[in-house]
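These notes concern the structure reproduced below.
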Amino acid sequence: MTSILEARGIQKSYGAVRVLENVDFDLQDGEAHVVIGPNGAGKTTLFRCLSGETRVNGGQIKFAGQDVTALTGAQRVKLGIGRTFQVARIFPDMSAFENLIIAIETRERNDKGLRFTFGYIAPRQQVVDEAERLVVELGLEGAVDDVAGTLSHGDKKRLELAMSLALSPRLLMLDEPTAGMSPSDRAEAVRLIAQVRKGYGLSLLLTEHDMEVVFGLATRLTVLHHGEIIASGEPAEVRSDSRVREVYLGQH
Ligand SMILES: Nc1ncnc2c1ncn2[C@@H]1O[C@H](COP(=O)(O)OP(=O)(O)OP(=O)(O)O)[C@@H](O)[C@H]1O
Ligand SMILES: [Mg+2]
């Protein structure tokens, strides 16, 4: 397998607080890599560094062999790094369908090297067709015409996932995709994530606290503790690691 994402010696501080200490992280093409660790371990911070939402204080990040350390988040999206957030980011006053149209048109502008322009122009049929495909694929049929801000938590997450897919990522990063979901919504989310991973041939990087979700999806597991990686490998191997049990899994 080849590495699609390689991070070396990542350091990140907020003021005097060192959040990530010399983190080396690899993600192989096609894997579903789950990062776990206690609250405040630095998982979201690592995501933000990898996606370009925040700059690192030291280290290097390569995506598909290209050094992306100095690139912005938007530039990394164009290269194929997509992400969703711990709290869903959508346009709350527009309908779910309009949100999807915007995501698809953003990708088309990116492909053509155009900049985002405001102002609503009726979408082309091809864009509408693609949005409709995503609606069916992600089970959003009952919610497409609702104002996005009023959707249930589960549907907001689904919409956000659909919008990320519309940007045609190669790697999709999901920060706690099942946070705040009921057990049945959670099982459904796992099914959906596994389905889009297969259907789109995506590499996945996710953080998650729910162990059923973690072990239901992970092909590789990394444990972050106080900003340092304390274990990484096959899920079964990491699960039986004594240090991991002590600092994290023992609590679950
Ligand atoms: N923007 C920020 N400014 C200052 N400190 C921050 C900022 N973001 C995160 N931190 C601090 O960095 C540490 C790691 O936070 P982070 O959100 O990365 O943890 P996490 O592993 O994602 O936790 P959780 O499981 O609760 O989501 C915490 O101590 C947090 O308070
Ligand atoms: Mg977090």
Side-chain angles (χ1 to χ4, degrees), residues 5 7-27 32-61 68-69 71-74 76 81-90 153-154 156-158 160-161 163-164 169 171-183 185-186 189-190 193 204-218 220-233 235 238-239 241 243-252:
L5 187 74
R8 288 288 168 272
I10 300 302
Q11 294 180 35
K12 179 67 188 177
S13 304
Y14 289 111
V17 183
R18 298 186 75 163
V19 179
L20 297 177
E21 293 271 357
N22 222 14
V23 168
D24 290 337
F25 182 83
D26 280 281
L27 191 135
H33 197 141
V34 185
V35 177
I36 61 172
N39 292 114
K43 303 180 296 295
T44 296
T45 304
L46 177 62
F47 263 48
R48 289 163 51 98
C49 290
L50 297 174
S51 69
E53 202 192 335
T54 189
R55 290 302 167 90
V56 297
N57 298 108
Q60 188 191 47
I61 301 163
V68 298
T69 321
L71 299 188
T72 63
R76 292 185 209 186
I81 305 181
R83 74 164 290 195
T84 66
F85 296 85
Q86 203 165 338
V87 177
R89 290 193 182 176
I90 50 179
H153 183 72
K156 272 185 192 149
K157 290 272 183 186
R158 255 193 278 269
E160 211 198 8
L161 183 56
M163 290 172 72
S164 318
L171 165 64
L172 185 59
M173 301 174 53
L174 307 169
D175 195 0
E176 297 202 30
T178 75
M181 285 187 183
S182 67
D185 279 352
R186 194 165 265 161
V190 169
I193 292 167
L204 282 186
L205 174 57
L206 50 151
T207 68
E208 184 55 59
H209 282 292
D210 185 274
M211 287 305 131
E212 283 192 31
V213 176
V214 170
F215 288 101
L217 285 171
R220 187 163 169 202
L221 202 53
T222 288
V223 187
L224 202 59
H225 180 56
H226 290 314
E228 288 181 65
I229 289 176
I230 60 165
S232 186
V238 172
R239 193 209 284 256
D241 183 290
R243 179 107 196 271
V244 172
R245 299 200 77 87
E246 185 191 322
V247 306
Y248 188 57
L249 289 179
Q251 309 161 16
H252 289 263

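Just so it is clear, the values below take in all heavy atoms, side chains as well, and ignore hydrogens, waters and symmetry mates. We count ligands from 1, going down the list as the structure has it; atoms in each ligand are counted the same way. Fair warning: this is a prediction, and the values are worked out from it, not measured in the lab.
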*Below 3.5 angstrom, do we get any N/O pair linking T45 and ligand 1?*
yes
*Using the salt bridge (Lys or Arg N to Asp or Glu O under 4.0 Å) rule, take K157 and E160 through it: C-alpha gap first, then chi angles, then the decisive distance, then the call.*
CA-CA 5 Å; K157 290 272 183 186; E160 211 198 8; 5.1 Å; no
*Is the closest heavy atom of E176 to ligand 1 under 4.0 Å?*
yes
*Do any N/O atoms on G37 end up under 3.5 angstrom from N/O atoms on ligand 1?*
no
*Number the atoms of ligand 1 from 1 as they appear, then name those within less than 4.0 Å of a heavy atom of T44, with their elements.*
17 (O), 18 (O), 20 (P), 22 (O), 27 (O)
*asked:* Quick check: closest heavy atoms across V238 and V223, and the distance to 0.1 Å?
replied: CG1-CG2, 3.5 Å
*Tell me, please, which residues at least two apart from R48 pass salt bridge (charged side-chain N to carboxylate O under 4.0 Å, His left out).*
E53
_I'd like to check which ligand 1 atoms, numbered from 1 as shown, lie under 4.0 Å from a non-hydrogen atom of N39._
23 (O), 24 (P), 25 (O), 26 (O)
*Where's the contact between V19 and ligand 1, heavy-atom distance under 4.0 Å: side chain, backbone, both or neither?*
side chain
*Has K12 got its NZ or CZ under 6.0 Å from the middle of the six-membered ring of Y14, at an angle within 45 degrees of the ring axis?*
yes
*Hey, is the Mg ion (ligand 2) within less than 2.8 Å of some N/O/S atom on T45?*
no
*asked:* Under 4.0 Å, counting heavy atoms only: does G42 come that close to any atom of ligand 1?
replied: yes
*asked:* So, using side-chain hydrogen bond (donor to acceptor under 3.5 Å, both in side chains) as the criterion, who are the partners of R8 when residues are at least two apart?
replied: D26
_Distance to the ring centre below 6.0 angstrom and angle to the axis at most 45 degrees; does that hold for R83 and F47?_
no
